[in-house]
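Data block below; observations after.
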Protein chains: 2
Amino acid sequence: MDGNTPEIKRGRKYDQVIAGARDVFLAQGFEGASVDLIAREAGVSKATLYSYFPDKRILFIEVAKQECASQADRALQVDSTDVPVREMLTIMSHKMMEFLTSNFAQRIFRICVAESDRFPELGREFYASGPKLLEDRLSEYFKHACERGELKIDDLGLAAMQFQELVKSEIFVKMIFNIIEKPTDAEVDRIIDGAVDMFLARYGV
Amino acid sequence: MDGNTPEIKRGRKYDQVIAGARDVFLAQGFEGASVDLIAREAGVSKATLYSYFPDKRILFIEVAKQECASQADRALQVDSTDVPVREMLTIMSHKMMEFLTSNFAQRIFRICVAESDRFPELGREFYASGPKLLEDRLSEYFKHACERGELKIDDLGLAAMQFQELVKSEIFVKMIFNIIEKPTDAEVDRIIDGAVDMFLARYGV
DNA sequence: CCCAAACTAAACTGTATGGTCTATAATAGC
DNA sequence: GCTATTATAGACCATACAGTTTAGTTTGGG
């Protein structure tokens, strides 16, 4: 089965290789991950791995790109609109916070920061599928809210970026630098309420 | 000369070693930096290097800690107080921006993110000498401003963190991910004015 | 049941690297 | 000037690792 998509990837162990590589790269970084370990983790021989990917860099980039895409998939979906702005902002903040504090987000952020010098396209990919995408989604919502007269914003992009940063306050940085493992509910509420209060003080009608 | 401080570091090439190691580590990261290169860059033989530092990890930690301390030294100094709040916030923002966009800050941030898993103390050191220190300085200023009736803030720490994040908006992240090289003056003004406006909308009297 | 393609384990190559050692040279206090 | 400390170059060792090769095994379509 699945013989009808033979164009791009050839062979059945492809997904296994990617999966193993993802685990190891995300945990160890590019340099830290050895090809032997990746192969073992993937349950695949080294020769098979090299039959799919000519070298380690290409495998890494492929994995990293897929993870960025996955990041985009998990990004905020702004759907309901018949909710008061304050509530809506709070809901969105909580979703953002949940993502930002996830193991996945922390790992991919770390790896993209570390490797975006060696692989410049990686930085671009991450930014587009992360901060930029979120900016667009937020801007979209803010625009509608403005049209409904619930917010008053002249620079939508700026407002979106500001909101992102406010929600990241303290907790994200503390987790990235291994100061805390997970924030408590109280800590989360403090940051989110603070973010929403500040945002509405500036852009509320 | 200088023969009166023999207790801690022993020998005259110590500073050379540190200097060379700093250059190479900041440019290449921990794994990427080879000891041979560090020795060459420091103008010192490998044996000499190893006579000061028993292994590469210890050398790295020493360098990284010193850089964190240096980061603390360059941190915001809040001095004059007879300046209107808006102006003061703008001045401080510009100083923060200058630092955040410096080669130094970008490099040390990148390396601390990348290596704070391998060296947990590094994350703590960075946080204390960076975000935390700035939080304290800002809080201090905010407190005085509150006492003078120029601001109204209940959670000083939160306000300080929020201000930091607002100033970092967009530009810092874009630089870390190699999207832009340096921001234009207009971009800087847009972010800083936005940050100050937002902050005062929330905490202004 | 056969055969070709995909896969496997494991040995192998070459290179880079962390760290040590040795034999020699500079440096300074006495 | 003599001697002890400190530094030097560079050979050297062991290891880890990317990538290749080989010789054999699994798999699935015809």
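Below, chains carry the letters A, B, ... as their sequence lines are ordered, and counting in each starts from 1. Keep in mind it's a predicted model, so treat the numbers as computed, not measured.
- Across the protein-nucleic acid pair, Gln16(B) atom CD and dT6(D) atom P stand 16 Å apart, rounded to whole Å.
- Atom-to-atom, CZ of Phe60(B) to C1' of dG18(C) comes out at 16 Å; the value is rounded to the nearest Å.
- The Lys46(B) side chain lies nearest to dG19(C) when the options are dG19(C), dC7(C), dA18(D).
- Between Asp197(A) and Arg202(A) no salt bridge is recorded (no basic side-chain N to carboxylate O distance below 4.0 Å).
- The pair Lys65(A)-Glu121(A) counts as a salt bridge, with a side-chain nitrogen and a carboxylate oxygen less than 4.0 angstrom apart.
- Of the candidate nucleotides dT8(D), dG18(C), dT8(C), dT8(C) has the atom nearest to the side chain of Ala47(A).
- For Lys56(B), counting side-chain heavy atoms from C-beta on, the closest listed nucleotide (dG19(C), dT8(D), dA18(D)) is dG19(C).
- The listed nucleotides are dC7(C), dG19(D), dT21(D); the one nearest the side chain of Asp55(A) is dG19(D).
- Listed by first then second residue, pairs satisfying side-chain hydrogen bond (donor to acceptor under 3.5 Å, both in side chains) with a partner in residues 21-34 of chain A read Glu31(A)-Arg118(A), not counting sequence neighbours.
- In this model, the phosphate group of dA6(C) is not approached by any side-chain N or O of Tyr14(A) to a distance below 4.0 Å at OP1 or OP2.
- Considering only side-chain N and O atoms, Thr48(A) lies under 4.0 angstrom from the phosphate OP1 or OP2 of dT8(C).
- Distance, Arg57(A) CZ to dG19(D) P: 10 Å, rounded to whole Å.
- Distance check, rounded to the nearest 0.5 Å: CE of Met88(A) to CG of Leu151(A) gives 11.0 Å.
- In terms of phosphate contacts, Tyr52(A) brings a side-chain nitrogen or oxygen within less than 4.0 Å of OP1 or OP2 of dC7(C).
- Ion pairing between Glu67(B) and Arg107(B) fails under the 4.0 Å rule for side-chain N and carboxylate O.
- For Tyr50(A), whose side chain is taken as the heavy atoms from C-beta onward, the closest listed nucleotide among dG19(D), dT20(C), dC21(C) is dG19(D).
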Pairs under 3.5 angstrom, nitrogen or oxygen only, protein versus nucleotides 24-27 of chain C, please.
none

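- A salt bridge links Asp136(A) with Lys132(A): the closest approach of a Lys/Arg side-chain nitrogen to an acidic carboxylate oxygen falls below 4.0 angstrom.
- Taken residue by residue, residues 23-34 of chain B places heavy atoms nearer than 4.0 Å to DNA chain C at Ala33(B), Ser34(B).
- Geometrically, Lys56(A) engages Phe30(A) in a cation-pi contact, judged by NZ or CZ lying under 6.0 Å from the ring centre and within 45° of the ring axis.
- Whole-Å rounding puts the Leu49(B) CG to dG18(C) P distance at 11 Å.
- When the C1' atom of dG19(C) is taken as reference, atom CZ of Phe53(B) falls 16 Å away, rounded to whole Å.
- Rounded to whole Å, the distance from CD1 on Ile38(B) to P on dT17(C) is 11 Å.
- Between Glu140(A) and Arg137(A) no salt bridge is recorded (no basic side-chain N to carboxylate O distance below 4.0 Å).
- In terms of heavy atoms, Arg110(B) sits closest to Ile176(B) at NH2-O, 3.0 Å.
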